[in-house]
A.B. asks: 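The structure is given below, and queries will be raised subsequently.
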Amino acid sequence: MPLQFHNTLTRSVEPFAPLDPGGKTVKIYTCGPTVYNHAHIGNFRAYIFEDLLQRHLEYRGFHVERVMNLTDVDDKTIRGALEKGVPLAEFTQPFKDSFFEDLRALRIKPADSFPCATDPVHIARMIDMIGKLIAAGHAYEAEDKSVYFRIASFPSYGQLAHLNLDELRPSGRVSSDEYEKENIGDFALWKAHDEHDGHVAWDSPWGRGRPGWHIECSAMATALLGDRIDIHCGGVDNIFPHHEAEIAQTECCTGLKFVNLWMHCAHLMVDGRKMAKSAGNFHTLRDLLAKGWSGREVRYVLIAAHYRLPLNFTFEGLAGARSALQRLDEWGRRLSDLASTSASGTPHPAIEEDAFGRALDDDLNISAALGALFDLVRDTNRAMDAGELSPDQARGLLDYWGRINTILALEPESETIPGDITALVGERTAARAARDWGRSDMLRDELLARGWIVKDTKDGAKLTRSVD
RNA sequence: GGCGGGGUAGCCAAGUGGUAAGGCCGGGCUCUGCAAAAGCCCUAUGCGUCGGUUCGAUUCCGACCCUCGCCUCCA
């Protein structure tokens, strides 16, 4: 099966081929967070889907160039800064910092660049693009000194969302701008400064103001990746109007097809409803970490369901992830013990077949991929139980597990066992050899009190870190 | 109202025109000084409902029910 992905534009799964004539480089732009708050795990579902996409493309030998923007100026960031009485940049910085911390905790590969909307270089580019759009008749300055994109000038507006604009139902969220616009669907490229914006404003040919949200992505994507990009990702809620607007602005500026492949992930749900800051039903990563869950466990939950399906977040699901990971950890540990006497790996049929990688080729079918992985776990555990797996085969499988983890990134934290713990285990082993069960049990309790669980396997004592 | 996802065992979930992967939970067994852990085994005659096509449908077609999302803040 060829590598293929679902394209939101055509609503079908299509074979993937990069724009790069060399067939090597893949350019990806992904919409990042608005830094007015800590991102919640629903946001991170999107970033983990994008991480899976990038890692699988790399597994298939592509070189991925990826940009993720940070929206650090909009209504909410401005409101937050005003309420706190601090400059905008000072308000957003802690949320930027926590975002990067969370990416690390979730083992999400950093993008090659994380441009910020307020970067003067990008503001200048946005102003430049808006000027071009006005000159070409695609945008106009309204009476309130804001600039709007004229959707009537771009006939294919609505193609991505498959919306017929004549049939749009008024949403009820009508703002006062409506009276300034030629068409209710026209969207702001430049928002004239008003009293709610405080000191947040930049000079422009149309007076002081700030950029609209959509133009930010068009400017930064083309600045950093060029006029045409391979893949643009985001949550389904970005399809309309955000990505629709990006297409219109960018293509009207460049005259080129902006994005070859649009990929969108479904929402993370909680209690059967979309997880959203506005709904107040969200969990942040730091909340979950504080409850004793690990970033790795949260990553498993978020990565294990197909990206185009809504995923209902539950603590039962997190507990299930913990158990599943322990099974994988134990498998890796067994393979590792067996492989310790082997210098080089031997091919195993399952590695050649690579059912895991082939499942991901089909629009990132992670469920089938994990199914294949757990099949391999069971089959090789059975072989190890029967003493039918050689150390060289174990080494080969361990290498394969390592390759799979260049995609999944679910390997256990490397744990260094402190010397005093090792000493206690040694004492206990001696006590057991002397059949001094009382002392053995006392030492086991002592180890547990220090956070380590001892398991007496037929190969001797094994230690694992206890979890809360 | 328009558009788009979903409805498969207690929970999550893959998949196929020929009779249902995998994970969690649960049960059994093995190992074991005890305990814990781990490994193995078992667990859906049925895939929202009702029709239709077919030798045969969970998979194709039609209708309907339920549910979630988008329709200019939103990953």
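Here the structure is a predicted model, which is why all the values come from computation and not from measurement. Scope of the values below: all heavy atoms of this structure, side chains included, with no hydrogens, waters or symmetry mates. Naming: A, B, ... by sequence-line order, numbering from 1 per chain.
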A.B. asks: Distance check, P atoms only: B/rG46 and B/rA20, in whole angstrom units.
C.D. replies: 12 Å

A.B. asks: A/Leu160 CG to B/rC71 P: how many Å, rounded?
C.D. replies: 14 Å

A.B. asks: With both distances kept under 3.5 Å, what pairs with B/rC25, Watson-Crick or G-U wobble?
C.D. replies: none

A.B. asks: Compare the minimum distances between each of B/rG2, B/rG69, B/rG33 and the side chain of A/Asp441, then state the nucleotide with the smallest one.
C.D. replies: B/rG33

A.B. asks: Please work out which of the three classes, parallel, tilted or perpendicular, describes the rings of A/Phe154 and A/Phe149, given edges at 30° and 60°.
C.D. replies: perpendicular

A.B. asks: Produce a footprint string for nucleotides 10-26 of chain B: one letter per nucleotide, 5' end first; B if the base is under 4.0 Å from any protein heavy atom, S if only the sugar-phosphate is, - if neither.
C.D. replies: ---SSS-----BSSSS-

A.B. asks: Using atom C1' of each nucleotide, how far apart are B/rC3 and B/rU8 to the nearest Å?
C.D. replies: 26 Å

A.B. asks: How many whole angstroms separate atom CH2 of A/Trp331 from atom C1' of B/rC40?
C.D. replies: 17 Å

A.B. asks: Quick check: on RNA chain B, is the nucleotide nearest A/Val236 upstream (toward 5') of the one nearest A/Arg435, or the reverse? Name the residue that is more 5'.
C.D. replies: A/Arg435

A.B. asks: Using the rule side-chain contact (heavy atoms from CB on, under 4.5 Å), only one of A/Leu9, A/Asn7, A/Asn260 pairs with A/Glu14; which is it?
C.D. replies: A/Asn7

A.B. asks: To the nearest angstrom, how far is A/Ile215 atom CD1 from B/rU72 atom C1'?
C.D. replies: 16 Å

A.B. asks: Please work out if A/Gly42 contacts a base, only the sugar-phosphate, or nothing of the nucleic acid, heavy-atom cut-off 4.0 Å.
C.D. replies: base

A.B. asks: Indicate whether OP1 or OP2 belonging to B/rG33 is found under 4.0 Å from a side-chain N or O atom of A/Arg432.
C.D. replies: no

A.B. asks: Tell me, yes or no, whether the heavy-atom count around A/Arg11 atom CZ, taken from other residues, nucleotides or ligands under 6.0 Å, exceeds 12.
C.D. replies: yes

A.B. asks: For the P atoms, the ones on B/rU53 and on B/rG62, what distance do you get once it is rounded to whole angstrom?
C.D. replies: 15 Å

A.B. asks: Which one, B/rG33, B/rU72, B/rC3, comes nearest to the side chain of A/Arg11?
C.D. replies: B/rC3

A.B. asks: For atom C1', what is the distance between B/rC50 and B/rC68, given to the nearest Å?
C.D. replies: 24 Å

A.B. asks: So which of A/Leu160, A/Thr10, A/Ile239, A/Ile231 actually passes side-chain contact (heavy atoms from CB on, under 4.5 Å) with A/Trp262?
C.D. replies: A/Leu160

A.B. asks: Between B/rG5 and B/rA63, how far is it from one P atom to the other, in whole Å?
C.D. replies: 16 Å

A.B. asks: Given atom CZ of A/Arg428 and atom P of B/rC34, what is their separation to the nearest angstrom?
C.D. replies: 13 Å

A.B. asks: Can you measure A/Tyr36 atom OH to B/rC73 atom C1' for me and round it to whole angstrom units?
C.D. replies: 8 Å

A.B. asks: Could you tell me whether A/Glu413 and A/Arg296 have a side-chain N and a carboxylate O separated by less than 4.0 Å?
C.D. replies: no

A.B. asks: Quantified in whole Å, what is the C1' atom distance between nucleotide B/rG28 and nucleotide B/rC61?
C.D. replies: 46 Å

A.B. asks: Are A/Lys181 and B/rU72 close enough that a side-chain N or O sits under 4.0 Å from OP1 or OP2?
C.D. replies: no

A.B. asks: Rounded to whole Å, how long is the line connecting atom CZ of A/Arg382 with atom P of B/rC40?
C.D. replies: 8 Å

A.B. asks: Indicate, with a heavy-atom threshold strictly under 4.0 Å, whether A/Met269 touches base, sugar-phosphate, or nothing.
C.D. replies: sugar-phosphate

A.B. asks: How far apart are the C-alpha atoms of A/Phe187 and A/His214, what are their side-chain angles, what is the distance that settles it, and do they pass the ring pair (Phe, Tyr, Trp, His ring centres under 6.0 Å) test?
C.D. replies: CA-CA 9 Å; A/Phe187 54 87; A/His214 313 305; 5.2 Å; yes

A.B. asks: How would you label the contact of A/His40 with the nucleic acid (heavy atoms, under 4.0 Å): base, sugar-phosphate, or nothing?
C.D. replies: base

A.B. asks: Taking B/rG22 as the reference, what is the distance to B/rU59 when you measure between their P atoms (whole Å, please)?
C.D. replies: 22 Å

A.B. asks: Answer with base, sugar-phosphate or nothing: what part of the nucleic acid does A/His267 contact at a heavy-atom distance below 4.0 Å?
C.D. replies: base

A.B. asks: Which pairs pass salt bridge (Lys or Arg N to Asp or Glu O under 4.0 Å) with one or both residues in residues 235-250 of chain A, sequence neighbours excluded?
C.D. replies: A/Asp237-A/Lys274

A.B. asks: Could you name each residue pair satisfying salt bridge (Lys or Arg N to Asp or Glu O under 4.0 Å) that touches residues 302-317 of chain A, not counting sequence neighbours?
C.D. replies: A/Arg308-A/Asp363

A.B. asks: In whole Å, what separates the C1' atom of B/rC12 from that of B/rC25?
C.D. replies: 11 Å

A.B. asks: Rounded to whole Å, how long is the line connecting atom CZ of A/Arg79 with atom P of B/rC73?
C.D. replies: 12 Å

A.B. asks: Of the nucleotides B/rA38, B/rC70, B/rC68, which has the atom closest to the A/Lys274 side chain?
C.D. replies: B/rC70

A.B. asks: Looking at B/rU45, which nucleotide sits across from it as a Watson-Crick or G-U wobble partner, both distances under 3.5 angstrom, or is there none?
C.D. replies: none

A.B. asks: With a cut-off of 6.0 Å (strictly less than), are more than 12 heavy atoms of other residues, nucleotides or ligands near NZ of A/Lys145?
C.D. replies: no

A.B. asks: Applying a 4.0 Å non-hydrogen cut-off, can you work out what A/Arg444 is touching in the nucleic acid: base, sugar-phosphate, or nothing?
C.D. replies: base

A.B. asks: Between A/Ile247 (CD1) and B/rU72 (P), how many Å, whole number?
C.D. replies: 18 Å

A.B. asks: Counting only Watson-Crick or G-U wobble pairs whose two distances fall under 3.5 Å, which nucleotide matches B/rG69?
C.D. replies: B/rC3

